[in-house]
Amino acid sequence: MVTFTEHQAETATALFERLFPADEDPGAEDIGVTRYVDRALDGPYEDQVRMYRLGLDALDRNAEAAFGREFAQCDDAEQDELLSRLQAGDLEDFETPPQTEFFGTVRTHLQEGLFADPVYGGNEDKKGWEVLGHPGVYLENSAAENLAEEPVTKDGDIQSMADLGFDLDSSSDGDPAETEGYDPQRGAAPPAEEADVVLAGVGAMGGLIAPVLAEAGLDVVAFEAGPWRTRDDYLPDELGHSYYCRANMGKKFDSETPRWRRNEGEDTQEATFSLGRMMNSVGGSVIHYGAWLRRFHPHHFRQRSYVEERWGEDVLPDNCTLTDWPLSYEELEPYYTRLEHEIGIAGGDANPYVSRSEDLPMPPLRRFRMGEDFREVTESMDLNPYMVPVGMNSEPYDGRPATTYTAWNNGFGSFNDAKWHPGLTHIPRALETGNFDLRTHCRVVEVLTDEDGEAAGVQYIDANGEQKTQKADNVILSAYSFENVRLLLNSTDDHHPNGLGNNTGQVGKHFMTKMFAHVNGYFPDDVFNRHTGPAAQGIILDDYLSTDFDSVERGGFVGGATLGSENQYLPIQISQESLPEDVPAWGQGYKDHLRDWQHVGTVRIQSTALPYSTNYLELDPDHRDTSGVGMPVLRITYDMRENEQRLHEWMEDKSAEILEEMGASKTWRGPRFTGVGSSHDLGGCRMGEDPETSVVDPNLEVHDTPGLHVYSGAAFPTCPGINPTLTMWAICLRAAENLVDSYGA
């Protein structure tokens with residue numbers, strides 16, 4: 001052992017074995033969980049060594065007090081009693097670490113040790129995957145496997161990363177010198193002469209607009225906190241790469257996790273994330289997203305007017321700040337269409353609620369077993385299921401190959417460039433102009449202004465950790481919503497004592513985040529093989545957020561949700577799925593349930609979130625980031641309000657009905673409040689015409705700071721239950737072209 005003493009290892013092994021006991025299949029001990037945890041505590045989890053030492057010691061002392069012997073010497077029933085009390089927080093003389101926190105950490109590490117790739121020291125000889133009957137890492141699946149009614153086992157050949165030639169050292173961690181026009185040394189070069197535009201972030205938004213600016217002849221200096229990664233840097237590593245595990249591609253984002261409280265006056269805790277955490281890289285988080293690219297409906301751009309005209313203003317909840325967009329669907333439709341063809345979006349025309357001036361350029365992804373059952377049932381209910389439009393090639397497109405339908409996709413970079421992101425096309429285009437000065441490993445920490453309070457450049461930390469100044473006529477904040485709000489509030493001058501854009505107190509207000517709920521069903525007679533395709537392989541309903549749906553009359557709420565069925569089911573993901581009430585979180589019952597994963601079907605719920613005056617972002621007065629820069633983190637004040645509770649209750653009931661019609665013998669619901677942050681965090685820099693009630697204008701320029709712009713979902717006035725990325729791109733593309741036109745004028 002590297003970290004554990006011999007005695008600690010004995011106690012830990014006994015603990016893990018009771019949580020996942022041996023039967024006809026190996027238990028935690030034979031699978032190597034203790035070895036995995038011991039190694040992890042000597043590396044990424046070194047800050048938890050004290051937790052384990054104190055926790056294991058307290059468990060032993062409680063065993064001695066109750067049964068006269070240490071935990072490892074107790075029989076199964078005695079150990080189970082102690083673990084039940086630990087889970088409930090009822091053990092004596094066990095104050096630190098907090099018992100429930102210790103139990104939760106141990107359970108999470110158990111799941112990782114059982115089902116992470118063997119390269120991490122657990123899942124010895126792939127025994128954990130063998131217990132599940134999961135074939136492990138396959139980067140290609142066939143159409144027959146997508147629709148198979150019997151378990152797809154790949155003839156019993158279980159593959160790990162090593163079997164495919166991957167290891168943890170095979171990634172270069174970015175910065176490929178071979179990309180034409182890109183110099184990985186530029187991050188430490190002296191500042192450029194005054195630029196036309198500074199981009200703070202070259203992710204999904206900054207990367208998309210880069211060629212618009214550079215090809216127009218503007219001099220652009222672009223700062224990106226992460227590296228430039230390519231497919232050589234992507235591993236099919238669920239533990240290391242997926243955003244619901246360690247999320248190693250988002251170290252900067254993880255170092256600045258916001259604090260969260262439900263209401264004013266309450267203590268804060270570290271924010272949790274419902275869907276996932278962002279990554280830092282040239283190209284941004286769309287490198288590892290699920291690739292769903294959907295249009296909002298026309299009425300979503302006039303949400304306040306729509307509600308008032310249909311039901312009256314009185315149906316809006318207290319403190320709700322719902323408003324209309326200053327842009328219409330008709331204004332954005334040409335940008336939607338251009339983007340769908342520039343990116344290459346695969347999908348059909350089966351959604352009756354959205355009209356397009358041109359068809360999508362590629363047919364939808366293939367159908368899949370669970371999706372076909374979902375389709376058949378929802379069509380019988382007079383609903384309109386359709387394959388979700390995705391930024392993933394269903395056939396070769398623009399010189400890039402078609403997807404191979406690997407399930408190692410959502411949470412991972414593409415292994416063959418079939419999933420689009422700006423680093424594949426748009427950023428190389430910008431570099432070719434010679435006008436685009438890309439500097440990786442550089443982070444902007446403050447926006448600078450001149451004597452008139454207009455944007456004049458940025459203060460940034462270069463690749464060597466030195467603070468420098470870059471002058472510019474225009475500054476575009478194109479990082480994630482949280483970081484854009486934080487930079488505005490962290491940048492002050494005599495004209496803006498409370499932060500740039502904040503002279504009317506609107507920065508951080510009207511924050512909205514998605515609650516990604518779900519309902520599961522158990523199908524004793526069906527096998528779904530959800531491990532044979534990506535989450536992009538989804539089928540969804542827009543019916544319950546369309547104008548056909550009378551949400552007030554039918555459910556007593558304002559808003560709606562997407563309901564859908566999707567593929568992608570990986571080993572750790574399976575172990576973390578929500579459990580029925582009659583299944584324990586550990587022990588034999590838990591193990592038995594996991595082995596039935598092939599019979600579990602799910603309806604996912606992506607809901608509308610209304611804006612409220614009581615939900616907002618601000619700088620935390622007490623906590624700073626751990627990046628080494630030491631900027632204040634954000635403090636999120638956010639709770640799920642009654643309207644959204646009623647919405648979820650109705651959507652969960654409807655999802656359970658669909659699952660039962662599909663043949664589920666029982667259904668159960670996942671948690672409804674699933675994290676105050678997600679990858680759909682919107683608002684905080686509301687777009688509008690009136691500076692008294694918004695931060696940026698329809699061209700995304702900050703009202704009170706000329707030359708400063710915010711290109712992100714922070715500008716969204718509303719948050720319908722539809723993936724926001726395509727709409728973000730549409731408003732940013734429009735704004736960038738208008739900025740270029742202003743130079744021409």
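Just the heavy atoms: all of them, side chains too, but no hydrogens, waters or symmetry mates, feed the values below.
- For Asn393 and Thr403, the side-chain atoms include no donor-acceptor pair closer than 3.5 Å.
- Using modelled atom types and a 3.5 Å distance limit, the side chains of His531 and Gln568 yield no donor-acceptor pair.
- The minimum heavy-atom distance linking Asn384 with Asp382 is given by the pair ND2-O, 4.4 Å.
- Summarising the geometry, atom CG belonging to Leu634 is positioned 6.5 Å from atom CZ belonging to Arg486; distances are rounded to the nearest 0.5 Å.
- Between the side chains of Glu342 and His426, a donor-acceptor pair is found at a separation under 3.5 Å.
- Residues Thr614 and Arg641 have side chains that bring a donor and an acceptor to within less than 3.5 angstrom of each other.
- When only modelled atom types and interatomic distance are considered, Arg530 and Asn567 share no side-chain donor-acceptor pair under 3.5 Å.
- Note that CD of Glu553 is 10.5 Å distant from CH2 of Trp311, once rounded to the nearest 0.5 Å.
- Taking the six-membered ring for Trp, Trp597 and His134 have ring centres closer than 6.0 Å.
- Classification of Glu649 and Arg672 as a salt-bridged pair holds, one side-chain N sitting under 4.0 Å from a carboxylate O.
- Under the 30°/60° scheme for interplanar angles, the aromatic rings of Tyr289 and Trp729 are found to stand perpendicular.
- One finds the CE atom of Met392 at 10.5 Å from the CZ atom of Arg400 (value rounded to the nearest 0.5 Å).
- Considering Tyr243, Tyr244, Phe253 in turn, Tyr243 is the only one that fulfils the ring-ring contact (aromatic ring centres under 6.0 Å, His included) rule with His288.
- Within the 6.0 Å centre-distance limit, the rings of Phe511 and Tyr638 are counted as a close aromatic pair.
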Practice task
Please step through side-chain hydrogen bond (donor to acceptor under 3.5 Å, both in side chains) for the pair Thr562 and Arg294, ending with a clear verdict.
Solution key: CA-CA 11 Å; Thr562 299; Arg294 306 164 59 197; 3.0 Å; yes
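- Side chain of Asp373 to main chain of Met370: no donor-acceptor pair is present (N/O by atom type, distance under 3.5 Å, no hydrogens or angles).
- There is no side-chain donor-acceptor pair under 3.5 Å between Arg366 and Ser394.
- Using the six-membered ring where Trp is involved, Tyr329 and Phe301 have ring planes that are tilted, between 30° and 60° apart.
- Checked by atom type and distance alone, the side chain of Arg734 never pairs as donor or acceptor with a backbone atom of Glu331 at under 3.5 Å.
- Nearest approach of Leu570 to Ala407, heavy atoms of both residues: CD2-O, 3.8 Å.
- In this structure a side-chain-to-backbone donor-acceptor pair under 3.5 Å is present from Glu238 to Ile572.
- Closest approach of His341 to Pro361, counting heavy atoms only: ND1-CB, 3.8 Å.
- Under the ring pair (Phe, Tyr, Trp, His ring centres under 6.0 Å) criterion, His680 pairs with Phe516, sequence neighbours left out.
- When all heavy atoms are compared, the tightest approach of Val307 to Leu322 is CG2-CD2, 4.0 Å.
- Looking only at atom types and distance, the side chain of Asn723 has a donor-acceptor partner in the side chain of Gln606 under 3.5 Å away.
- Residues Trp420 and Tyr397 keep their aromatic ring centres 6.0 Å or farther apart.
- The side-chain heavy atoms of Asp639 and Tyr612, taken from C-beta on, include no pair separated by under 4.5 Å.
- Judged purely by distance below 3.5 Å, without hydrogens or angles, the side chains of His297 and Asp542 pair a donor atom with an acceptor atom.
- Within the 6.0 Å centre-distance limit, the rings of Trp260 and Phe673 are counted as a close aromatic pair.
- Closest of all the heavy-atom pairs between Leu360 and Gly348 is CD1-O, 3.8 Å.
- Taking the charged nitrogens against the carboxylate oxygens, Glu618 and Arg259 have no contact shorter than 4.0 Å, which rules out a salt bridge.
- Glu270 has no carboxylate O lying under 4.0 Å from a charged side-chain N of Arg635, or vice versa, which leaves the two without a salt bridge.
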Handout entry: Chi angles and distances behind the side-chain hydrogen bond (donor to acceptor under 3.5 Å, both in side chains) call for Asn520, Ser578
Key = CA-CA 8 Å; Asn520 289 338; Ser578 59; 3.3 Å; yes
Problem - CA sep, side-chain torsions, deciding dist, call: Asn529, Gln598, side-chain hydrogen bond (donor to acceptor under 3.5 Å, both in side chains) - result: CA-CA 6 Å; Asn529 290 309; Gln598 281 279 39; 2.9 Å; yes
Exercise for the section: Report the C-alpha distance between Trp292 and Thr725 in whole Å, list the side-chain angles of each, state the deciding distance to 0.1 Å, and finish with yes or no for side-chain contact (heavy atoms from CB on, under 4.5 Å). Expected result: CA-CA 8 Å; Trp292 290 20; Thr725 306; over 6 Å; no
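- For Ser665 (side chain) and Tyr522 (main-chain N/O), a donor-acceptor pair under 3.5 Å exists by modelled atom type.
- Ring-plane geometry between Phe549 and Phe557 is classed as tilted, the angle between the planes lying from 30 to 60 degrees on a 0 to 90 degree scale.
- At most 12 heavy atoms of other shown residues, nucleotides or ligands fall within 6.0 angstrom of atom CD in Glu376.
- Look at Glu660 and Lys666 and you find no salt bridge, because none of the NZ, NE, NH1 or NH2 atoms lies under 4.0 Å from a carboxylate O.
- The aromatic rings of Phe716 and Phe296 sit perpendicular, their planes meeting at an angle over 60°, well past the 30° parallel limit.
- Side-chain contact check for Glu340 and Tyr335: no donor-acceptor pair (N or O, by modelled atom type) lies under 3.5 Å.
- Contacts of Trp325 classified as side chain to side chain donor-acceptor pair (under 3.5 Å), with partners at least two apart in sequence or in another chain: Thr718.
- A donor-acceptor pair shorter than 3.5 Å cannot be found between the side chains of Asn263 and Thr637.
- Checked by atom type, the side-chain pair Ser712/Asn484 shows a donor-acceptor distance below 3.5 Å.
- The main-chain N or O of Phe412 is found under 3.5 Å from a side-chain atom of Lys419 such that the two form a donor-acceptor pair.
- Partner Arg261 forms a side chain to side chain contact (heavy atoms under 4.5 Å, CB included) with one of Val676, Thr268, Ile636 and no other, that one being Thr268.
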Handout entry: Worked check of side-chain hydrogen bond (donor to acceptor under 3.5 Å, both in side chains) between Ser613 and Thr321
Key = CA-CA 6 Å; Ser613 61; Thr321 59; over 6 Å; no
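- To the nearest 0.5 Å, atoms OG (Ser481) and CG (Leu617) are separated by 8.5 Å.
- For the residue pair Ser357/Tyr336, the side-chain donor-acceptor check at 3.5 Å is not satisfied.
- Taken to the nearest 0.5 Å, the CZ atom of Arg375 stands 3.5 Å off from the CD1 atom of Ile539.
- With hydrogens and angles ignored, the 3.5 Å screen pairs a side-chain donor or acceptor of Asn141 with a backbone N or O of Thr532.
- The shortest heavy-atom contact between Pro364 and Met387 is CB-CB, 3.7 Å.
- The pair Arg277-Asp254 meets the salt-bridge criterion, since a charged nitrogen lies less than 4.0 angstrom from a carboxylate oxygen.
- For the pair Arg295 and Tyr353, the cation does not sit on the ring face, since its NZ or CZ is not both under 6.0 Å from the ring centre and inside 45° of the axis.
- Taken from CG in Leu424 to CG in Asp417, the straight-line distance is 4.5 Å, to the nearest 0.5 Å.
- In the model, Tyr405 has no side-chain atom that pairs as donor or acceptor with a side-chain atom of Asn146 under 3.5 Å.
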